[in-house]
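Quick note on labels: first sequence line is chain A, next is B, and so on, each numbered from 1.
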Amino acid sequence: KFLDGQTAPDKPEIIKCRSPEKETFSCWWKPGSDGGLPTNYTLLYSTEKHPEIMECPDYKTSGPNSCYFDKKHTSLWTIYTIVVNATNEKGSNASNPKFVDVTYIIEPYPPTNVSLTVEKTHLLVKWLPPSMADIKYGWLTLVYELRLKAEKAQEWVTHSAGQQTQFNVLSLHPGETYVVQVRCKPDHGFWSQWSPETYIQIPNTFQERD
Amino acid sequence: KFLDGQTAPDKPEIIKCRSPEKETFSCWWKPGSDGGLPTNYTLLYSTEKHPEIMECPDYKTSGPNSCYFDKKHTSLWTIYTIVVNATNEKGSNASNPKFVDVTYIIEPYPPTNVSLTVEKTHLLVKWLPPSMADIKYGWLTLVYELRLKAEKAQEWVTHSAGQQTQFNVLSLHPGETYVVQVRCKPDHGFWSQWSPETYIQIPNTFQERD
Amino acid sequence: LPICPNGSVNCQISTGDLFDRAVKLSHYIHSLSSEIFNEFDERYAQDRGFITKSINACHTSSLNTPEDKAQAQQIQHEELLNLVLRVLRSWNDPLVHLVSEVQGIKEAPDTILWKAVEIEEQTKRLLEGMEKIVKRVQPGDLGNEVYSLWPGPQDVQVADEDSRLFAFYNLLHCLRRDSHKIDNYLKLLKCRLIHDSSC
């Protein structure tokens with residue numbers, strides 16, 4: 001039978017797990033070769049409080065080769081032991097286990113509604129937290145960073161805004177066009193992507209501070 | 001007896017209390033007249049948690065007419081009621097009480113690593129916040145001010161840099177040497193000392209802005 | 001000595017200010033706990049599989065703490081405050097032990113020692129603040145049950161290096177976890193009690 005080149009599938013690899021708002025999370029895996037046969041993937045997991053083996057509750061929501069854990073299946077401060085099995089007619093192969101505590105895999109979506117307003121002596125940058133993040137209740141605390149540069153410049157200038165959702169940028173050149181982006185990070189977690197670029201031209205009437 | 005001009009000392013005045021990092025703090029007082037007699041000063045304090053009167057733990061560390069409260073004697077959670085007594089042979093006199101909440105008397109150390117870079121049309125001044133836990137972890141926002149003057153000039157030109165840790169200074173004269181200093185202040189607190197003087201000579205090739 | 005300026009009756013630090021300071025301190029303590037764990041993990045625990053052994057091995061695991069937002073929303077703030085107090089108290093002895101034992105780790109960098117000392121000191125400060133907040137929020141009995149969920153350092157005395165290193169790893173792993181819980185719950189309580197759940 002082995003002459004027809006068909007074998008058990010290779011070992012898959014769990015590449016990443018992320019939570020966007022500390023209430024749900026997803027994991028993605030990379031399949032190995034399928035041994036030339038239709039191969040099925042199952043994600044199995046257990047947690048400290050529920051050591052019995054459970055299967056991924058939702059293989060769809062986060063796209064191909066993924067598992068999505070909704071609020072009911074997501075707990076913090078507990079280690080998830082996660083394994084992905086690849087199975088075909090010839091046999092099966094399990095990934096290395098991945099140990100995940102949702103507390104430490106939080107990567108929010110970027111801030112939204114970035115607005116730029118030229119004031120007399122500075123540029124006021126304002127934004128909103130990512131829509132899915134429940135900041136009001138205090139379950140998630142975000143800090144922000146913004147960067148800007150003259151359109152043709154290479155170097156970004158970065159400013160840390162702490163927990164504020166606005167920042168005054170000074171020493172800008174009249175007539176120049178600037179591009180601005182903002183990103184956020186949970187108090188203890190990963191930086192989001194930068195928000196889409198927002199542009200503004202500084203009018204010639206702008207008073208350079210001096 | 002009063003004919004010999006000797007009297008009880010005047011009422012001393014507690015002039016200021018400062019904390020550089022909310023872990024320790026010091027108070028200073030200004031003695032009144034000593035009534036022509038050797039006069040002794042004692043600083044007494046009480047807190048909500050320890051209403052009994054306690055004496056200054058260390059009269060030396062912060063210099064003359066001062067009291068230094070080390071970590072063991074500094075609490076974030078209480079208001080200190082502080083009084084200074086002046087006593088000599090003829091009697092004693094107490095200052096007005098001063099009420100101190102350590103979080104609101106922060107006078108941080110000055111900014112550090114002030115660097116000056118001459119760019120085509122402006123001088124780029126950059127610095128780092130003083131090393132203080134709250135700042136590093138994004139929980140205390142500082143605002144900054146910088147001042148500069150031509151080396152031989154009398155008058156300083158001061159710029160407010162908001163929360164930025166860099167600033168572009170324009171309209172400088174080629175060939176001139178400038179001296180620059182930076183200071184910082186927390187929301188509820190006092191300006192730090194100015195950073196040590198930093199010098200830079202503007203090259204003749206510098207393009208003065210019209 | 002008059003307690004307050006010009007005779008005002010209720011001259012004390014506002015509960016909002018107390019919470020602000022507690023949250024800053026808990027944030028700082030957790031940041032340090034993460035750093036000391038990561039430093040120890042990188043230097044001493046690589047490829048030793050300690051994580052599998054540290055499952056369900058925290059001395060505070062038996063405390064029933066909320067583990068998601070829904071559970072946190074259901075719990076009364078008095079209960080959550082007392083939970084924070086209990087978790088904090090359960091770390092008194094382990095932190096004293098950690099500071100004394102860390103000095104015995106082979107070539108332990110100064111940064112690990114400094115952080116252990118700083119965490120112990122700041123945790124004591126936070127406990128002082130929490131006791132004040134709890135007294136302020138629920139003036140009843142503070143309930144100073146003597147707390148020692150921690151079984152004590154027996155593993156750490158054993159000769160073999162692997163067990164000694166695992167005992168440290170597990171202590172730092174649990175410290176990172178519990179300091180994050182405390183930080184999270186305090187931020188949540190601050191929003192709930194001071195900002196009426198509208199942070």
### Task
Please check if atom CD in C/Q46 has more than 12 non-hydrogen atoms from other residues, nucleotides or ligands closer than 6.0 Å.
yes
### Task
Decide if atom CD of C/Q76 counts as having more than 12 heavy atoms of other residues, nucleotides or ligands within a radius under 6.0 Å.
no
### Minimum-distance pair of heavy atoms, taken over all atoms of A/Y104 and C/H180
OH-CB, 4.2 Å
### Among C/H30, C/Q71, C/H195, residue most engaged with chain A (heavy-atom pairs, under 4.5 Å)
C/H30
### Task
Measure the shortest side-chain to side-chain distance between C/H27 and A/T141 over non-hydrogen atoms and say whether it is less than 4.5 angstrom.
no
### Message
If I measure from the heavy atoms of chain C, does A/T47 come under 4.5 Å with its side chain, its backbone, both, or neither?
### Response
neither
### Message
Only heavy atoms, only distances under 4.5 angstrom. Which residues in residues 51-69 of chain A are near chain C?
### Response
none
### Summary
Exactly one candidate in C/R176, C/R177, C/K181 meets salt bridge (Lys or Arg N to Asp or Glu O under 4.0 Å) with A/D101; the answer is C/R177
### Query
So, does C/E67 use its side chain to make a donor-acceptor pair with the main chain of A/S75 at under 3.5 Å?
no
### Task
Please say whether more than 12 non-hydrogen atoms of neighbouring residues, nucleotides or ligands are located less than 6.0 Å from NZ in A/K49.
yes
### Query
In terms of heavy-atom pairs under 4.5 Å, which option from C/D196, C/I51, C/D178 contacts chain A the most?
C/I51
### Query
How many angstroms lie between CG in A/L140 and SG in C/C191, if you round to the nearest 0.5 Å?
10.5 Å
### Query
Would a 4.5 Å heavy-atom cut-off, applied to side chains only, mark A/H188 and C/S31 as touching?
yes
### Message
Does A/K185 have more than 12 heavy atoms from other residues, nucleotides or ligands lying within 6.0 Å of its NZ?
### Response
yes
### Straight-line distance of A/W77 CH2 to C/D68 CG, nearest 0.5 Å
9.0 Å
#### Entry: Pairwise distance OG1(A/T78) to CD1(C/I55) - rounded to 0.5 angstrom
8.0 Å
### Query
Side chain, backbone, both or neither: which part of C/Q73 has a non-hydrogen atom closer than 4.5 Å to chain A?
both
#### Entry: C/H173 to A/I79 - nearest heavy-atom pair and separation
CE1-CD1, 3.8 Å
### Query
What closest approach, in Å, do A/W139 and C/A72 show between heavy atoms, and which atom pair accounts for it?
CZ3-CB, 3.7 Å
### Task
Kindly compute the distance separating CG (A/L142) from SG (C/C199), expressed to the nearest 0.5 Å.
11.5 Å
### Query
Is there a donor-acceptor contact under 3.5 Å linking the side chains of A/K22 and C/N184?
yes
### Query
Got more than 12 heavy atoms from elsewhere within 6.0 Å of NZ, C/K53?
yes
